[in-house]
Amino acid sequence: MALRVYNTLSGKKEEFVPLAPGKVKMYVCGVTVYDHCHIGHARANVVFDMIYRYLKYVGLAVTYVRNYTDIDDKIINRANRDGIPWHEVSERFIAEFDKDMAALGLELPTHQPKATEHIPEIIAIVARLVEKGHAYAVEGDVYFRVATFADYLKLSKRNLEEMQAGARVEVDGRKENPMDFALWKGAKPGEPSWESPWGAGRPGWHIECSAMSMKFLGETFDIHGGGKDLVFPHHENEIAQSEAANGRPFVNYWLHNGFVNINSEKMSKSLGNFFTIKEVLERYDAEVLRFFLLSAHYRSPIDFCDQNLNEAHAGLERIYKGLAEIDRVCAGKREAGGLLSDGGRELEEKVRDIGLRFREAMDDDFNSALAIAGLFDLTRVVNRVAAEDSVVSDRLCEILATARQAVIDVGRVLGLFTSEPAEYLGRIKSRRAAELEISTEEIEGLIGERALARKSKDFKRSDEIRDLLLSRNIALLDSPLGTTWAVK
RNA sequence: GGCGGCGUAGCCAAGUGGUAAGGCAGAGGUCUGCAAAACCUCUAUCCCCCGGUUCAAAUCCGGGCGCCGCCUCCA
């Protein structure tokens with residue numbers, strides 16, 4: 001089955017056919033490094049990391065470029081505010097971005113270029129646009145002349161006249177057309193600048209992506225991604241610049257991820273309802289966040305709230321527990337032979353199909369939500385076998401081991417299940433225990449006391465202890481091997 | 001006002017022509033001294049409403065209602 005992707009340009013799902021067989025060139029807009037990243041950045045980057053991994057998984061050789069926009073008005077503002085040089089702002093937040101992405105378990109892109117390291121390339125494109133009549137200089141600024149690009153707004157499917165009619169922007173009288181946008185901004189006194197044919201200045205917002213994608217991926221490449229909010233104006237303007245300069249199609253497939261809402265509200269700085277990645281990771285394990293982000297289709301809006309995160313936590317834990325069950329069962333006593341119970345046979349079947357189900361789900365526009373459903377399905381049957389089969393045969397363990405590997409393989413694409421199950425469950429437990437008012441020693445002591453009470457059949461005292469701990473959010477789990485505890 | 005998207009059980013969420021995945025929560029059962037976990041069974045006669053196309057529609061078309069996003073920096 002072939003990979004199909006939703007292309008913003010056509011508004012439809014299309015079969016993905018790379019320009020060069022077996023190779024994919026992909027560019028994703030990175031961040032402007034002037035502040036800490038928030039949960040919306042987390043989604044965009046996790047989503048495209050998943051896409052990157054899947055493309056590789058199906059055997060494609062992917063060149064993945066994700067840029068840093070390290071010169072921009074916001075960076076300059078922040079530097080002025082903090083009284084430090086602009087490059088200290090960008091350097092600091094590049095480092096913070098890298099930390100966040102590493103914490104989220106992202107793979108590194110093939111290239112991570114910076115705008116300021118491509119000034120000559122940027123100037124060259126601007127010069128070419130001026131030369132071809134697609135751009136004009138005014139008092140040190142250079143603007144793109146949208147009237148010369150017939151396909152303008154083909155991505156966002158808007159209409160130039162109507163946009164102007166409804167424009168909320170103050171019109172800059174120096175522009176020929178209010179919709180013309182800056183390719184190059186002349187420097188005001190004290191601002192960072194680079195020499196150019198139009199005087200000292202710096203690149204406009206959109207041009208660096210045209211320059212860097214062209215440098216690393218060529219004039220036409222396969223996939224360009226980013227958040228939905230970049231469709232207009234950023235990506236629209238990239239198309240205009242690149243196609244006007246090169247006279248060739250810029251990108252074949254445009255992929256855009258949906259927004260993160262906070263408690264069903266749009267997340268925005270003005271509403272103050274945004275969370276940085278670091279804040280979220282203080283409260284939730286990185287893998288839980290990743291699981292949450294991938295549990296909905298990447299184009300759907302997703303609602304960030306405690307209930308949904310807690311559900312993600314429960315779901316991820318369920319699958320990890322299933323993996324831990326496999327480890328437990330197969331480490332125990334086994335019998336030679338290949339007899340399988342009904343459950344064993346069902347598991348055999350599920351394991352056989354899981355790879356195909358995964359590919360079908362992911363081939364359909366990277367449907368990670370459906371892919372995860374397949375894992376839950378497999379987990380249920382694993383648990384059934386673990387609960388019902390008193391005799392564990394070598395054959396069953398082989399199948400369980402295959403199931404375990406299948407989950408790990410899927411996890412490798414989704415960036416999940418990277419920990420040993422026991423290690424993950426332990427990590428979660430101690431994380432939650434740290435929030436408790438009660439010490440581990442105290443819990444263990446009470447469990448010991450209860451064990452004595454149970455031995456002497458003093459179930460009244462036994463239940464008192466259970467209830468006492470339960471009131472402190474500790475659940476006791478009795479098993480033939482003894483009593484363990486978990487945080488509720 | 002223009003453009004785009006969405007509306008599936010209490011909640012989250014797949015499903016774009018063949019008769020409703022999965023998770024959470026809930027009910028009953030198995031197990032347990034009692035529990036928890038796990039497993040089993042059940043929980044949408046129906047997919048916002050009204051028309052239409054079709055042998056067949058949550059899925060396609062038309063109309064309506066509601067919600068959201070973009071149009072300004074934004075992942």
Exercise. Quick one: the side chain of A:Ser156 and the base of B:G4, do they pair up donor-acceptor inside 3.5 Å?
Worked result: no
For this session: Go through the steps to decide whether A:Ile428 and A:Glu317 satisfy the test side chain to side chain contact (heavy atoms under 4.5 Å, CB included), and finish with yes or no.
Result: CA-CA 9 Å; A:Ile428 289 293; A:Glu317 189 172 35; 4.2 Å; yes
Exercise. If you look at every strand shown and take non-hydrogen atoms under 4.0 Å, does A:Phe459 touch a base, only sugar-phosphate, or nothing?
Worked result: base
Problem set entry | Any-strand Watson-Crick or G-U partner of B:G62, both distances under 3.5 Å | B:C50
For this session: Write down the distance between CZ (A:Phe259) and C1' (B:G69), rounded to a whole number of angstrom.
Result: 6 Å
For this session: For A:Arg66, report the nucleic acid contact type (base, sugar-phosphate, nothing); a contact means any heavy atom under 4.0 Å.
Result: nothing
Exercise. In whole Å, what separates the C1' atom of B:C12 from that of B:C49?
Worked result: 24 Å
Exercise. Quick one: which of A:Lys13, A:Glu14, A:Lys12 gives a side-chain hydrogen bond (donor to acceptor under 3.5 Å, both in side chains) with A:Ser10?
Worked result: A:Glu14
Exercise. Does the A:Ser341 side chain pair with the main chain of A:Gly344, one donor and one acceptor, at a distance under 3.5 Å?
Worked result: yes
Problem set entry | Pair of N/O donor and acceptor under 3.5 Å linking B:A35 base with A:Arg466 side chain | yes
For this session: Take atom P in B:C68 and the same atom in B:C73, then report the distance between them in whole Å.
Result: 23 Å
Exercise. Under the 3.5 Å rule, do the base of B:G69 and the side chain of A:Arg299 count as making a donor-acceptor pair?
Worked result: no
Exercise. Nearest-Å distance, CG (A:Asp478) to C1' (B:G33)?
Worked result: 10 Å
Exercise. So, is A:Lys266 close to the B:C70 phosphate, meaning a side-chain N or O under 4.0 Å from OP1 or OP2?
Worked result: yes
Exercise. Which part of the nucleic acid, if any, lies within contact of A:Leu477, taking any heavy atom under 4.0 Å across all strands shown: a base, the sugar-phosphate backbone alone, or nothing?
Worked result: base
Exercise. Choosing from B:C34, B:A75, B:C3, which nucleotide comes nearest the side chain of A:Thr32?
Worked result: B:A75
Exercise. Under 4.0 angstrom, heavy atoms only, what part of the nucleic acid is A:Gly258 near: base, sugar-phosphate, or nothing?
Worked result: base
Problem set entry | Closest-nucleotide ordering on RNA chain B, the 5'-leading residue of A:Lys74 and A:Lys321 | A:Lys321
Exercise. Is A:Ser479 near enough to B:A36 that one of its side-chain N or O atoms lies under 4.0 angstrom from OP1 or OP2?
Worked result: no
Problem set entry | A:Glu360 CD - B:A21 C1' separation (whole Å) | 13 Å
Problem set entry | Whole-Å gap separating P (B:C6) and NE2 (A:His256) | 16 Å
Seminar exercise, completed: Paired to B:U45 by Watson-Crick or G-U wobble criteria (both distances under 3.5 Å) is none
Exercise. Where each residue is assigned the nucleotide of RNA chain B containing its nearest heavy atom, which of A:Ile39 and A:Gly11 is assigned the position nearer the 5′ end?
Worked result: A:Gly11
Problem set entry | B:G23 versus B:U8 - spacing of their C1' atoms, nearest Å | 15 Å
Exercise. Could you state the CG-P distance from A:Leu378 to B:C39, rounded to the nearest angstrom?
Worked result: 12 Å
Exercise. Just how far, in rounded Å, is C1' of B:A36 from NZ of A:Lys429?
Worked result: 13 Å
For this session: Taking atom NZ of A:Lys157 as the centre, report whether more than 12 heavy atoms of other residues, nucleotides or ligands fall under 6.0 Å from it.
Result: yes
For this session: Would you classify A:Asn383 as touching base, sugar-phosphate or nothing, given that sugar-phosphate means primed atoms plus P, OP1 and OP2, and contacts are heavy atoms under 4.0 Å?
Result: sugar-phosphate
Exercise. Which one is paired to B:U19, where only Watson-Crick or G-U wobble pairs with both distances under 3.5 angstrom count?
Worked result: none
Exercise. Would a line drawn from the ring center of A:His36 to the ring center of A:Phe93 be shorter than 6.0 Å?
Worked result: yes
Exercise. How many angstroms lie between atom CZ of A:Phe250 and atom CD of A:Glu238, to the nearest 0.5 angstrom?
Worked result: 4.5 Å
Exercise. Between B:G4 and B:C11, how far is it from one P atom to the other, in whole Å?
Worked result: 30 Å
For this session: Working to the nearest 0.5 Å, report the span between CH2 of A:Trp86 and CG of A:Asp72.
Result: 11.0 Å
Exercise. Taking atom types as they are modelled, is there a donor-acceptor pair under 3.5 Å from the base of B:G33 to the side chain of A:Asp463?
Worked result: yes
Exercise. For the rings on A:Phe181 and A:His206, is their centre-to-centre separation under 6.0 Å?
Worked result: yes
Exercise. So, A:His256 versus A:His235, ring centres under 6.0 angstrom or not?
Worked result: yes
Exercise. Which base, if any, makes a Watson-Crick or G-U wobble pair with B:C3, both distances under 3.5 Å?
Worked result: B:G69
For this session: Could you tell me whether A:Lys74 sits above the aromatic face of A:Tyr34, with NZ or CZ closer than 6.0 angstrom to the six-membered ring centre and within 45 degrees of the axis?
Result: yes
Problem set entry | Nearest-nucleotide pick for A:Arg454, side chain only, options being B:G2, B:C39, B:G33 | B:G33
Exercise. With sugar-phosphate meaning primed atoms plus P, OP1 and OP2, does A:Gly227 contact a base, only sugar-phosphate, or nothing at under 4.0 Å between heavy atoms?
Worked result: sugar-phosphate
Exercise. Are the side chain of A:Asp141 and the backbone of A:Gly186 linked by a donor-acceptor contact shorter than 3.5 Å?
Worked result: yes
For this session: Pick base, sugar-phosphate or nothing for A:Val28, based on heavy-atom distances below 4.0 Å to the nucleic acid.
Result: nothing
Exercise. With a non-hydrogen cut-off below 4.0 angstrom, is A:Lys457 in contact with a base, only sugar-phosphate, or nothing?
Worked result: nothing
Could I get a table of every N or O pair under 3.5 Å where one atom is in the protein and the other is in nucleotides 23-25 of chain B?
unit_1: B:G23; atom_1: N2; unit_2: A:Glu311; atom_2: OE1; d: 2.9
unit_1: B:G23; atom_1: N2; unit_2: A:Glu311; atom_2: OE2; d: 3.3

Problem set entry | Nearest-angstrom distance, P atom, B:U43 to B:C50 | 25 Å
Problem set entry | Complementary nucleotide of B:U30, counting Watson-Crick and G-U pairs under 3.5 Å | B:A38
Exercise. Roughly how many Å is it from CZ in A:Phe358 to P in B:A14, rounded to a whole number?
Worked result: 16 Å
Just the table, please: protein N/O against nucleotides 59-61 of chain B N/O, every pair under 3.5 Å.
none

Exercise. When the aromatic ring centroids of A:Tyr320 and A:Phe417 are compared, is their separation below 6.0 Å?
Worked result: yes
Exercise. Whole Å only: how far is the CD1 atom of A:Ile474 from the C1' atom of B:A35?
Worked result: 15 Å
For this session: Tell me what A:Ala373 touches on the nucleic acid: a base, only sugar-phosphate, or nothing, going by heavy atoms under 4.0 Å.
Result: base
Exercise. Nearest of B:A75, B:C71, B:G15 to any side-chain atom of A:Asp364?
Worked result: B:G15
Exercise. Stepwise, does the side chain to side chain contact (heavy atoms under 4.5 Å, CB included) test hold for A:Phe358 with A:Met362?
Worked result: CA-CA 6 Å; A:Phe358 175 65; A:Met362 295 294 284; 3.5 Å; yes
For this session: For B:C70 versus B:A25, give the span between their C1' atoms, rounded off to a whole number of Å.
Result: 35 Å
